[in-house]
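Take a look at the structure below.
Bear in mind that the values here come from a model prediction, so they are computed numbers and not experimental data. For this chain, numbers begin at 1 and follow the sequence in order.
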Amino acid sequence: MANYEGQVASGSSDVRKGNMIFEAILDNGVFRFDCSVDNREAAYPSISFVNSKDRETPITSTHKDPLYNPTFECLLEQQVVQLELPIGTSLYGTGEVSGQLERTGKRVFTWNTDAWGYGPGTSSLYQSHPWVLAVLPNGEALGILADTTRRCEIDLRKESTIRFIAPSSYPVITFGPFASPTEVLTSLSKAIGTVFMPPKWSLGYQQCRWSYLSDQRVLEVAKTFREKSIPCDVIWMDIDYMDGFRCFTFDKERFRDPKSLAEGLHYSGFKGIWMLDPGIKQEKGYFVYDSGSENDVWVQKADGTPFVGDVWPGPCVFPDYTQSKARAWWANLVKDFVSNGVDGIWNDMNEPAVFKSVTKTMPESNVHRGDGELGGCQNHSFYHNVYGLLMARSTYEGMKLANENKRPFVLTRAGFSGSQRYAATWTGDNLSTWEHLHMSISMVLQLGLSGQPLSGPDIGGFAGDATPRLFGRWMGVGSLFPFCRGHSEAGTTDHEPWSFGEECEEVCRLALKRRYRLIHLIYTLFYFAHTRGTPVATPTFFADPKDLSLRKLENSFLLGPVLVYASTTCNQGLDKLEVTLPKGIWLGFDFSDAHPDLPALYLKGGSIIPVGLPLQHVGEANPSDDLTLLVALDESGKAEGFLFEDDGDGYEFTKGNYLLTHYVAELQSSIVTLSVRKAEGSWKRPKRRLHIQLLLGGGAMLDTWGVDGEVLHVNLPSEEEVSKLVSTSEKQFKERLEKAIQIPDVEDEVSGPKGMELSRTPIELKSSEWLLKVVPWIGGRIISMIHFPSGTQWLHGRIEISGYEEYSGTEYRSAGCSEEYSIINRELGHAGEEESVLLEGDIGGGLVLQRQIYFPKNAANIIQINSSIIAHSVGAGSGGFSRLVCLRIHPTFNLLHPSESLVSFTSIDGSTHEVFPDGGEQIFEGHLIPNGEWRLVDKCLGLALVNRFNVTEVVKCLIHWDFGTVNLELWSESRPVSDQSPIRVSHQYEVIRIP
């Protein structure tokens, strides 16, 4: 154990800081760090760990000391943990997050949030994973887990530095460094568990809609899939199947006989998955409410009475899943529910989401009477982030009670580190935009890098109407995600694969047939994920972690040894795609299905993958019982691969009733020999033909047939003949792309109020004292502020960055700063009349950021800016309220004389402040914010730029000094908005002379 090196900071007995103490736990290379021995002993049990005792039990075997040791600082009941790593380290993970793949420069807050319409800068989504995967410059990797359920800030804004900030105290666990990122993830899985083994049918395509409004519509959709020969395994029932949104009930008219519906789906080879929310209608006579009240299972208020919050049914109570008796009660309800023919369950709204609440969830003062093994009786702030995990656990256990011979399938929206043990997840209420298509790849990968490999987005986008090309392109890449489901919101156009015209339908058919050809590979990858903790879909750099050029690639990923390269921009199809391949041999292949709107596929040299037929559903009998193996030899002429087979459901595989075949191939004297090196399990090998396809490059391949289990040989022709085969194949590939009927480029035109115009040149606003230049098409930013009387330019930014920006979130450069703004109104001043421009930018999720810039009448010395975040079309799925937003005003002013500059103001409480450039970044809140005015002073010039604002609209003021510039930021409160409650900030600038 390392010595405790904490010390009391001078001047404050409330500050402790120093190096953390550590002990080895769980396995070699895994260390637990605490601030002190007392903190270690006082730590709450781990909910993320499979077995909390593993975190508490040091291992006695010899171990090396950790190479990287975090430091801590405890101040004002907050514990700050910092881990500094070598310069050039790349940072990933942080769970379900939007935005870029490589996370340096980002900040995330773990607080499960109903984030309908989120954007790339949204800092809290539906799940919380206080985890960072760091890939060092040499390709080694290290993971660090802040094992706290509380709200936690993950600050990665400083290069190669990881900071966790959360209420005291909590341990952090480090994993590694190990030789590769995969080793870190397998080590993590020993702590938080591996993904549950999914039933094979759940890896097929799944079709959802909010909502299919009757059982007849459900059967009609299922029938159309079969008639059009588009593979599909599952139809989903959203909330409208219920009787008045009461969980565990069925609408008596539209879903009067769920068992018959299930039988109809099963007859056609479909499964049915049904939604269950945590909000239980508060209604005497409703059997779920009555039994829950009798068993005393509801979350309580501080006064001991059940908390009541509005959700879909109206006033609702919420099960307290932190209690074993509540979990058992819920599990038994699920058991009975499954008897209606339910094949899987969808847990939604389980952050938990609460309507008519500014925080969009229940009060943090609510009380959970939790089991001692989870942390005991605590307020909601302690259990909020694990509420969804515990609900998913209860649902999973209920499905196992219903039929122990079937594997449960649960999908959860909210989750925490460890929820993969019980449920799959999806990336929430995304948007039908190209940005969200692109972002969906990174989001799926980040979840995988955080221990949750079974995830995917709503293909086509949940909110908004997809265009044909967007939907087809999204299906192309989405068909190769671990979890593959199309879903769309009420009020949007139909989003089934045939809803966008024949060209898009054909692309969807080709894409899904690809998935079903690769279903053996996907199922095998999940077997290894379940038994070994290895990832399923990974970033491209996993192929060569030492190659720094691969670490930020966002439009490609690895599905095992298959590299998937997708186009995520509208006008760039496969024929125009620029591909960066990792080092080594990567051989392109397809299934004679190449299309400009489908991804490119490459198989890593040294790999063998199993390929099946493009069946209509996973359970369909293979008419020929053939198996195909694709083989790509490495530089040494060798290859290997695995195929896992079992019944596709149940738990017989845990008793040895499975077949895991290890195939190998080797080139010797122009002959490639393929054989079975090893087979595990008692499952009998099917009597089937084996089709070998040896990839040569450029899509060319050699074929041979034999019997599975026997030795097969492929004669390799001369180099000249191979060259001809490759050349011919490349020509055929090009011809297929040229002949393919592309999805029409029918993208939405810009629409809006009459008279709206879009400008591509900076517009000027001018008064007798000011000249402003505004760029509408990139964030509506002000790039120049020139003050004529003093001859000073207080602001000067590039067209694409800096200058005056506004954001819609607390995250730096969140939505609002780069979108295209429309000019709603433009008034030119005449004879003393004000000159103004009104701009509006769509920031997603039904929200717009509106900004009016003008010189008030008869006040040419003042620049007035009125800004608002307005809800134009927020979906009903969030109760009419948007995602959490904050109007953040972010101007970057020039320091004409940095050494002679300062910011001065008087706070609301009367205290005076002078802030100088050596002060770094400072934040003022509460009674310390300026009392409606602060000044940027240039003592050399004897001038001050005065910024006045309405103190009732501003909750935080931030000063950030940089080289030659300063940001004077105004922040509104953070809250959802509705059409009745916009966020507004009005402020103005004026230059004055000072003594």
Checklist entry - Salt bridge check: are R509 and E506 linked by an N-O gap of less than 4.0 Å? => result yes

Checklist entry - Between R413 and D114, does at least one N-O distance fall below 4.0 Å, as a salt bridge requires? => result yes

Checklist entry - What about the rings of F355 and F881, do their centers lie closer together than 6.0 Å? => result no

Checklist entry - Can we call the ring centroids of W274 and F250 under 6.0 Å apart? => result yes

Checklist entry - Can you check side-chain hydrogen bond (donor to acceptor under 3.5 Å, both in side chains) on T467 and R473, steps first, answer last? => result CA-CA 10 Å; T467 61; R473 198 77 64 77; over 6 Å; no

Checklist entry - Between W683 and F644, does the ring centroid distance fall short of 6.0 Å? => result no

Checklist entry - Are any of the side-chain nitrogens in K360 or E351 under 4.0 Å away from the carboxylate oxygens of its partner? => result no

Checklist entry - Between F481 and F557, does the ring centre distance come in under 6.0 Å? => result yes

Checklist entry - So, is the end of the R246 side chain (NZ or CZ) under 6.0 Å from the ring centre of Y289 and within 45° of the ring's axis? => result no

Next on the checklist: Quick check: do N430 and M439 have side-chain heavy atoms less than 4.5 Å from each other?
Outcome noted: no

Next on the checklist: Measuring only between side-chain heavy atoms, which start at C-beta, is D240 closer than 4.5 Å to F245?
Outcome noted: yes

Next on the checklist: Could you walk me through whether Q127 and T425 satisfy the side-chain hydrogen bond (donor to acceptor under 3.5 Å, both in side chains) test, starting with their C-alpha distance in whole Å, then the side-chain angles of each, then the deciding distance to 0.1 Å, before giving a yes or no?
Outcome noted: CA-CA 9 Å; Q127 303 210 3; T425 195; 2.4 Å; yes

Item to check | Test: R485 and D458 ion pair at under 4.0 Å | outcome: yes

Next on the checklist: Using 30° and 60° as the class boundaries, would you call the ring planes of W346 and W236 parallel, tilted or perpendicular?
Outcome noted: perpendicular

Next on the checklist: Are L518 and F591 packed together at the side-chain level, in the sense that at least one heavy-atom pair is separated by less than 4.5 angstrom?
Outcome noted: yes

Checklist entry - Are W210 and W312 close enough that their ring centers fall under 6.0 Å? => result yes

Checklist entry - Is D243 salt-bridged to K252, cutoff N-O under 4.0 Å? => result yes

Checklist entry - Is K513 paired with D593 through a side-chain N to carboxylate O contact shorter than 4.0 Å? => result no

Item to check | Pair N347-Y396, side-chain donor/acceptor within less than 3.5 Å | outcome: no

Checklist entry - Between S128 and N385, do the side chains contain an N or O donor and an N or O acceptor separated by less than 3.5 Å? => result yes

Item to check | Note, V410 side chain near F196 side chain (heavy atom, < 4.5 Å) | outcome: no

Checklist entry - ring pair (Phe, Tyr, Trp, His ring centres under 6.0 Å) between Y118 and H436: does it pass, once the steps are laid out? => result CA-CA 9 Å; Y118 60 85; H436 274 254; 5.2 Å; yes

Item to check | Carboxylate-amine/guanidinium contact K223 E220, below 4.0 Å | outcome: no

Item to check | salt_bridge(R688, E645) N-O dist < 4.0 Å | outcome: yes

Item to check | Centroid separation W474 to H495 less than 6.0 Å | outcome: no

Next on the checklist: As a quick check of understanding, evaluate side-chain hydrogen bond (donor to acceptor under 3.5 Å, both in side chains) for T395 and W330, giving each step before the final call.
Outcome noted: CA-CA 7 Å; T395 305; W330 182 269; 3.1 Å; yes

Next on the checklist: Take a 6.0 Å sphere around CD of E227 and say whether it holds more than 12 heavy atoms from other residues, nucleotides or ligands.
Outcome noted: yes

Next on the checklist: Taking the side chain as everything from C-beta on, heavy atoms only, tell me whether L447 gets closer than 4.5 Å to Q420.
Outcome noted: no

Checklist entry - What orientation do H530 and F653 show, parallel under 30°, tilted 30 to 60°, or perpendicular over 60°? => result perpendicular

